[in-house]
Amino acid sequence: QVQLVESGGGLVQAGGSLRLSCAASGGTFSRYAMGWFRQAPGKEREFVAAINWSSSTSNYADSVKGRFTISRDNAKNTVLLQMNSLKPEDTAIYYCAAQIIPTLSSRARAYDHWGQGTQVTVSS
């Protein structure tokens, strides 16, 4: 079973950038599709982006298209989320998730393994 650990969160001003990293261990990382989700206080967890095992296909929420980029390095068992032009509404806990059946779904229940999350706060 794969374990996921997120890092890279923090406090940034609106318009700034952050890069989140998710390190995987304990499984065959390249077998999994990977996704990022986020959850703001009082709101449901929402899809941000997903990428397949070979990086040939990715999927983004409309709210982050053109600003966020998901990528992965199978040699380093890592998936990244580069976040540019951040907005206060991007403030949330960001979670990394692994999906055995690689549908790149936007539904959280389609993912099998989850990290503990990293806080991103964007000030106005």
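We're numbering straight along the sequence, starting at 1.
- Here T78 contributes atom OG1 and M34 contributes atom CE; the two are 9.5 Å apart, rounded to the nearest 0.5 Å.
- Evaluation of the side chain to side chain donor-acceptor pair (under 3.5 Å) rule for S56 yields N52, S54 as partners, not counting sequence neighbours.
- Among residue pairs with one or both ends in residues 110-124, none qualify as salt bridge (Lys or Arg N to Asp or Glu O under 4.0 Å); sequence neighbours excluded.
- Shown here are the side chain to side chain donor-acceptor pair (under 3.5 Å) partners of Q119, two or more places apart in sequence or in another chain: T121.
- Within the hydrophobic cluster formed by Ile, Leu, Val, Met, Phe, Trp and Tyr side chains joined at under 4.5 Å, directly or through other members, V5 stands alone, with no partner residue.
- Each disulfide (SG to SG under 2.5 Å) pair with one or both residues in residues 30-94, not counting sequence neighbours, would appear here, but there are none.
- Between L18 and G8, the shortest heavy-atom distance links the atoms CD2-O, 3.8 Å.
- For K65, the salt bridge (Lys or Arg N to Asp or Glu O under 4.0 Å) partners two or more places apart in sequence, or in a different chain, are D62.
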Under 3.5 Å, which donor-acceptor pairs link side chains of residues 80-99 to any protein atom two or more places apart or in another chain?
from: Q82; atom 1: NE2; to: N84; atom 2: OD1; distance (Å): 2.9
from: N84; atom 1: OD1; to: S17; atom 2: OG; distance (Å): 2.9
from: D90; atom 1: OD1; to: R38; atom 2: NH1; distance (Å): 2.9
from: D90; atom 1: OD1; to: R67; atom 2: NH2; distance (Å): 3.0
from: D90; atom 1: OD2; to: R67; atom 2: NH1; distance (Å): 2.8
from: D90; atom 1: OD2; to: R67; atom 2: NH2; distance (Å): 3.4
from: D90; atom 1: OD2; to: K87; atom 2: N; distance (Å): 2.8
from: T91; atom 1: OG1; to: P88; atom 2: O; distance (Å): 2.9
from: T91; atom 1: OG1; to: V122; atom 2: N; distance (Å): 2.9
from: T91; atom 1: OG1; to: V122; atom 2: O; distance (Å): 3.4
from: Y94; atom 1: OH; to: R38; atom 2: NH1; distance (Å): 2.9
from: Y94; atom 1: OH; to: D90; atom 2: O; distance (Å): 2.6
from: Q99; atom 1: OE1; to: T103; atom 2: N; distance (Å): 3.0
from: Q99; atom 1: OE1; to: L104; atom 2: N; distance (Å): 2.9
from: Q99; atom 1: NE2; to: I101; atom 2: O; distance (Å): 3.4
from: Q99; atom 1: NE2; to: T103; atom 2: OG1; distance (Å): 2.7
from: Q99; atom 1: NE2; to: A110; atom 2: O; distance (Å): 3.3

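- Residue pairs meeting the side chain to side chain donor-acceptor pair (under 3.5 Å) criterion with at least one partner in residues 18-28, sequence neighbours excluded, are absent.
- Between I70 and S58, the shortest heavy-atom contact is CG2-CB, 4.0 Å.
- Annotation: ring pair (Phe, Tyr, Trp, His ring centres under 6.0 Å) contacts involving residues 7-39, sequence neighbours excluded, comprise Y32-H113, F37-F47, F37-Y111, F37-W114.
- Side-chain heavy atoms closer than 4.5 Å link hydrophobic residues (I, L, V, M, F, W, Y) into clusters, and following such links, even through other members, never connects V79 to W53.
- Residues satisfying the side chain to side chain donor-acceptor pair (under 3.5 Å) criterion with S30, sequence neighbours excluded, are absent altogether.
- Taking every heavy atom of both residues into account, P102 and I100 meet most closely at CD-O, 3.3 Å.
- In this structure, E6 contributes its side chain and Q116 its backbone to a donor-acceptor pair below 3.5 Å.
- Side chain of E46 to main chain of E44: no donor-acceptor pair is present (N/O by atom type, distance under 3.5 Å, no hydrogens or angles).
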